[in-house]
Amino acid sequence: MHQKKLALVNDVTGYGRCSIAVALPIVSALKVQGCILPTAILSVHTGFHDYYLDDYTDHMTPYIESWKKNGLTFDGISTGFLGSARQIDIVLDFLRDFKGPHTLAIVDPVMGDNGQLYPSYTQEMCDEMQRLLAYADVVTPNVTEACELLNLPYRSDRDLSEDDFAAMAKALADKGPQGVILTGIHNGPYIGNFIYDQGKMSWVRAKKVGGDRSGTGDVFTAIVSASVVRGESLEQAVQKASDFICRVMAYTEELDLPHNAGLAFEEYLTTLR
Ligand SMILES: Nc1ncnc2c1ncn2[C@@H]1O[C@H](COP(=O)(O)OP(=O)(O)O)[C@@H](O)[C@H]1O
Ligand SMILES: Cc1ncc(COP(=O)(O)O)c(C=O)c1O
């Protein structure tokens, strides 16, 4: 038995509880060693009116080379927001070099939401993200991102049927990942995740608490990544993430924090098992 190691490919944002600032404490609480591969350094996340961003792309290759020379290996690799086509290319090379037969790759294709791509996202980046899929074991798109990855016109999650979700998940699985989690699916007062796990389909749903808060996707992916690397099923991992987010969202609402302050998860870290 050895402690699991998970490479976290994401930005380092100083304030606003997102990306690495969220992923590292969460995977540690789940008893997994988090190893950071930074993509950018930001003063605050992009939801604030002023942010300083230092792109780390040029440093990533020598940084990865050093990991290679030290002979590092990982049980899992979890990727989040990527800022340019060149950065996606570097991550593709990283996956090619570091994904051994027992390494699980979890790709959160952070590309857009509510039918809109993020302003920095180009068609070239969408194409590169599709290539990244081939290396993923688990992918966690929302419906907007799933449509982009499949070159489908956007349809709201509220207009899609169970058969539509199943077809989308299956089509994504055909591109590589045998685990697909379609996130953020609304149904009346509920918010759910459609799970495709090597052909088996299921739902994890919960009553939606409060509104949308920045960093929620990062909390979700961190819990799912650490849990699957520890050998839990996708359904168990998603259930754990959904339960945690509901608890923390309720507490964050109670504190009445602004939307861009993220989820106030600190008080609840010890409830993660
Ligand atoms: N307000 C909420 N109440 C309860 N669970 C939530 C809420 N917001 C998000 N979640 C959970 O977190 C998951 C990821 O959410 P979200 O950040 O909206 O996804 P994405 O960033 O992929 O669009 C959802 O599928 C759901 O399980
Ligand atoms: C640089 C950066 N990383 C991560 C996030 C969090 O993204 P999400 O709300 O999808 O978890 C944001 C949100 O604005 C961001 O600007």
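One-based numbering, in listed order, for ligands and for the atoms of each.
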Below 6.0 angstrom between ring centroids: does that apply to W203 and Y190?
->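 No, the ring of W203 stays outside the 6.0 Å limit from the ring of Y190, centre to centre.
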
Of all the non-hydrogen atoms in the protein, which one sits nearest to [atom], and at what distance?
{"atom": "atom 15 (O) of ligand 1", "result": "T216 CG2, 4.1 Å"}
{"atom": "atom 21 (O) of ligand 1", "result": "G217 CA, 3.9 Å"}
{"atom": "atom 6 (C) of ligand 1", "result": "I245 CG2, 3.6 Å"}
{"atom": "atom 7 (C) of ligand 1", "result": "M249 CE, 3.8 Å"}
{"atom": "atom 19 (O) of ligand 1", "result": "T183 OG1, 3.6 Å"}

Selected option - heavy-atom contact closest to atom 8 (N) of ligand 1, from I191, T144, L182 =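 That would be I191.
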
May I ask you to decide if the ring planes of F74 and F98 are parallel, tilted or perpendicular, using 30° and 60° as cut-offs?
->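 Rings of F74 and F98: tilted, as their planes differ by 30° to 60°.
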
Anything under 30° is parallel, anything over 60° is perpendicular, the rest tilted; go ahead and classify Y63 against Y56.
->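 The arrangement is perpendicular - the two ring planes meet at more than 60°.
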
Taking both backbone and side-chain atoms of P141, is any N or O found less than 3.5 Å from an N or O belonging to ligand 1?
->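 N/O-N/O distance below 3.5 Å does not exist for this pair.
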
Any atoms of ligand 1 less than 4.0 Å from a non-hydrogen atom of C246? List them with their elements.
->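 It comes down to these atoms of ligand 1: 4 (C).
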
Any idea which atoms of ligand 1 are less than 4.0 Å away from a heavy-atom of N142?
->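 Counting atoms of ligand 1 from 1, those under 4.0 Å from N142 are 20 (P), 22 (O), 23 (O).
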
Determine, counting only non-hydrogen atoms of the protein, whether one lies under 4.0 angstrom from atom 17 (O) of ligand 1.
->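 Neighbour list for atom 17 (O) of ligand 1 includes protein heavy atoms (cut-off 4.0 Å).
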
